[in-house]
Structure formats: C-alpha cells, structure tokens
**Q** 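The structure follows.
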Amino acid sequence: MDHTQMSWKEDNVLARLHNSVDNVTLAVGQALTNPTEQSIQNAEDMIERANRSVAMALESRGKMEPISTLQEQLDQNRERLNTLQ
C-alpha cells in the first residue's frame, strides 16, 4: 500500500477520534450546565461513540501518545458526567 494513503487514513482516524472527544467535552459541559435527562443521555451517547473511535484508533495505530492523551480526556469527561448520577 502507498505510504501517503496509509498516512492519510491514519491521520483521518486520529482526526475522527479528536472530533469525538471534542464532542464529548461539549456534551458533558452542556449536561453539567443544564442537567436534564436529555442532555445527560446525549453526553452518554457521545461517550459511547468516542469509545468506539478510541477502539478503532487503537486497532489501526496501536497505543501511541495522541491516542493515549485523547483517551485520558475521554475518561476525565466520563468522570465529570458521573458526578451527576
């Protein structure tokens, strides 16, 4: 396989993971600000999607720094959300 294509796909995986974690951060912030059942459920859904993105990134790239950092951010957001429950 062409290295540039492989690199592009890997970068895409990381970009999607980054976007997923950013979405979790926003959703958790909204749930903490306005803790309705809907906002909490939305944050939980975003966390589940981000978990799948982490799994895909780990599968394609292995354990590496950007993935570990984003996974840590995801875990922190999950803990913040858990304070509401």
Side-chain angles (χ1 to χ4, degrees):
M1 181 178 276
D2 181 357
H3 283 294
T4 57
Q5 186 176 7
M6 174 95 95
S7 178
W8 178 83
K9 284 184 178 183
E10 290 173 352
D11 289 345
N12 190 34
V13 168
L14 287 175
R16 289 177 66 187
L17 174 57
H18 203 288
N19 286 339
S20 289
V21 173
D22 286 347
N23 289 338
V24 167
T25 301
L26 289 173
V28 169
Q30 289 174 343
L32 291 172
T33 303
N34 183 23
T36 64
E37 188 175 325
Q38 183 178 358
S39 66
I40 293 169
Q41 184 62 52
N42 184 50
E44 289 173 348
D45 292 346
M46 292 290 179
I47 288 171
E48 186 57 38
R49 284 188 202 125
N51 279 331
R52 288 193 298 269
S53 293
V54 166
M56 288 189 326
L58 288 171
E59 183 179 310
S60 71
R61 299 289 303 260
K63 192 85 168 158
M64 57 183 291
E65 180 55 36
I67 297 170
S68 298
T69 300
L70 290 167
Q71 188 173 24
E72 189 175 300
Q73 282 181 265
L74 178 59
D75 291 342
Q76 289 171 356
N77 279 309
R78 184 182 298 114
E79 288 173 19
R80 288 176 54 212
L81 184 63
N82 284 340
T83 64
L84 294 176
Q85 299 170 346

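What's counted below: heavy atoms across the whole structure, side chains too, no hydrogens, waters or symmetry copies.
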**Q** Of all heavy-atom pairs between Met46 and Ala27, which one has the smallest distance, and what is that distance?
**A**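 Met46 and Ala27 have their closest heavy atoms at CG-CB, 3.8 Å.
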**Q** Could you see if Leu58 belongs to whatever hydrophobic cluster contains Met64? Use Ile, Leu, Val, Met, Phe, Trp, Tyr and a side-chain cutoff under 4.5 Å.
**A**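 In one cluster with Leu58: Met64, yes.
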**Q** For Arg80, give me all partners under side-chain hydrogen bond (donor to acceptor under 3.5 Å, both in side chains), at least two apart in sequence or on another chain.
**A**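 For Arg80 the side-chain hydrogen bond (donor to acceptor under 3.5 Å, both in side chains) partners, ignoring immediate neighbours, are Asn77.
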**Q** Could you tell me whether a side-chain N or O of Ser39 sits under 3.5 Å from a main-chain N or O of Asn34, the two making a donor and an acceptor?
**A**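 Side chain of Ser39 to backbone of Asn34, a donor-acceptor pair under 3.5 Å: yes, one is there.
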**Q** Hey, which of Val28, Val24, Asn51 is the one that makes side-chain contact (heavy atoms from CB on, under 4.5 Å) with Arg78?
**A**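 Result for side-chain contact (heavy atoms from CB on, under 4.5 Å) with Arg78: Asn51.
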**Q** Rounded to the nearest 0.5 Å, how far does CD of Glu44 lie from CG of Asn42?
**A**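 Answer rounded to 0.5 Å: 9.5 Å.
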**Q** With sequence neighbours left out, write down each residue that passes side-chain hydrogen bond (donor to acceptor under 3.5 Å, both in side chains) with Asp22, or none if nothing qualifies.
**A**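 Scan of Asp22 (side-chain hydrogen bond (donor to acceptor under 3.5 Å, both in side chains), adjacent residues dropped) gives His18.
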**Q** Write down the atom of Leu74, the atom of Ala50, and the distance for their closest heavy-atom approach.
**A**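 That would be CD1-CB, 3.7 Å.
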**Q** Would you please name every residue forming a side-chain hydrogen bond (donor to acceptor under 3.5 Å, both in side chains) with Gln41, sequence neighbours left out?
**A**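 In terms of side-chain hydrogen bond (donor to acceptor under 3.5 Å, both in side chains), with neighbours along the sequence ignored, Gln41 is linked to Asp45.
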**Q** Hydrophobic cluster membership, with links at side-chain heavy-atom distances under 4.5 Å among I/L/V/M/F/W/Y: are Leu70 and Met56 in one?
**A**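 Different hydrophobic clusters.
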**Q** If you compare all heavy atoms of Ala57 against all heavy atoms of Ile67, which two are closest, and at what distance to 0.1 Å?
**A**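 That closest heavy-atom pairing would be O-CD1, 3.5 Å.
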**Q** Counting distance only, does the side-chain N/O of Thr25 pair as donor-acceptor with the main-chain N or O of Val21 below 3.5 Å?
**A**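 Yes, Thr25 side chain to Val21 backbone: donor-acceptor pair under 3.5 Å.
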**Q** Are Leu26 and Ile40 connected, step by step, through hydrophobic side chains (Ile, Leu, Val, Met, Phe, Trp, Tyr) whose heavy atoms are closer than 4.5 Å?
**A**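 Each belongs to a different hydrophobic cluster.
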**Q** Looking just at side-chain N and O atoms, do Gln73 and Thr69 make a donor-acceptor pair shorter than 3.5 Å?
**A**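 Per modelled atom types, Gln73 and Thr69 side chains form no pair under 3.5 Å.
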